[in-house]
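Heads up, the thing below is written out as structure tokens.
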Amino acid sequence: MFNDILTGKASLEPQARPPVEEAPPSPRPALTWEQVAANEAASARAVREAETALRKSQASHRLIAGCVVVFVAVAIVFIKSQMRQQMREDNARAAGYSSYAAYQEESAKVYPTDEYSYKVRQFAGDMCRCQDLACARNLQAQYTRYLRSSAPSDDESRASVEQDARRLADCQEILEAGGQPARPY
């Protein structure tokens, strides 16, 4: 090509191309009113289906969002209760107890506050230390005589007496059944 340019047979200028003839437009078929009505009905049906799909999608998103909110709320409540429980355990250990349960057990105990409640506690301890039924019946008679002659002085004393009376009755019941009561006191 370079040689053709030097000799003058070719040039660097663009060559003119022959004009492109466009094809004549195709004739459009004539639409009938039935076809137009069918197209409108199909378009309306497509719009309704799209709206229905959108509503379903929005409903499922609301359901998922509601489930997430409920899950987060439950998780927060669970974590908060676990934190409260751990705080109780830590406070009980800081106070010198082995656990919160030991603290509750100790705080639920009622101690004698007057001579009457001390004497009832002594009867309960003696009943649990009895070895035979004769000892238990003798102590029960002494306990009954003492109850008739004295009374507790306040509510704390009354609570202590009730607790010790239950322990006395439990130990006597075990002895009456032929067993030996445990002696934790």
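Just so you know, these numbers use all the heavy atoms, side chains as well, and skip hydrogens, waters and symmetry mates.
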Which value, rounded to the nearest 0.5 Å, describes the distance between Glu89 atom CD and Tyr103 atom OH?
12.5 Å
I need the Glu51 CD to Arg55 CZ distance, nearest 0.5 Å.
6.0 Å
Would Gln35 and Asn39 count as having a side-chain donor-acceptor pair, cut-off 3.5 Å?
no
Can you tell me how far apart CZ (Arg137) and CD (Gln172) are? Round to the nearest 0.5 Å.
8.0 Å
Taking C-beta and beyond as the side chain, do Cys128 and Arg167 meet within less than 4.5 Å on heavy atoms?
yes
Can you confirm whether more than 12 heavy atoms, excluding those of Gln140, are under 6.0 Å from its CD atom?
yes
Other than Leu147, what residues sit in its cluster of Ile, Leu, Val, Met, Phe, Trp and Tyr side chains whose heavy atoms are under 4.5 Å apart, directly or through others?
Tyr116, Val120, Phe123, Met127, Leu139, Tyr143, Tyr146, Val161, Leu168, Leu175
Determine whether the interatomic SG-SG distance for Cys171 and Cys130 falls below 2.5 angstrom.
no
Hey, any chance Val68 and Ile76 share a hydrophobic cluster, counting ILVMFWY side chains that come within less than 4.5 Å of each other, even indirectly?
yes
Does a side-chain N-to-carboxylate-O contact under 4.0 Å join Asp155 and Arg158?
yes
Measure from the side-chain N and O atoms of Ser81 to the backbone N and O of Phe78, and report whether any donor-acceptor pair falls under 3.5 Å.
yes
How long is the gap from OG on Ser117 to CD on Glu162, to the nearest 0.5 Å?
12.0 Å
What do you reckon, is CD of Glu173 surrounded by more than 12 foreign heavy atoms closer than 6.0 Å?
no
Are side-chain heavy atoms of Arg93 and Ser98 found at a separation under 4.5 Å?
no
First locate atom CG of Leu54, then atom CD of Gln58, and finally report the distance between them rounded to the nearest 0.5 Å.
4.0 Å
Within this structure, what is the CD-CD distance for the pair Gln142 and Gln122, rounded to the nearest 0.5 Å?
9.5 Å
Is it the case that more than 12 heavy atoms not belonging to Glu115 sit under 6.0 Å from its CD atom?
no
Closest heavy-atom pair and its distance - Arg129, Asp126:
NH2-OD1, 2.9 Å
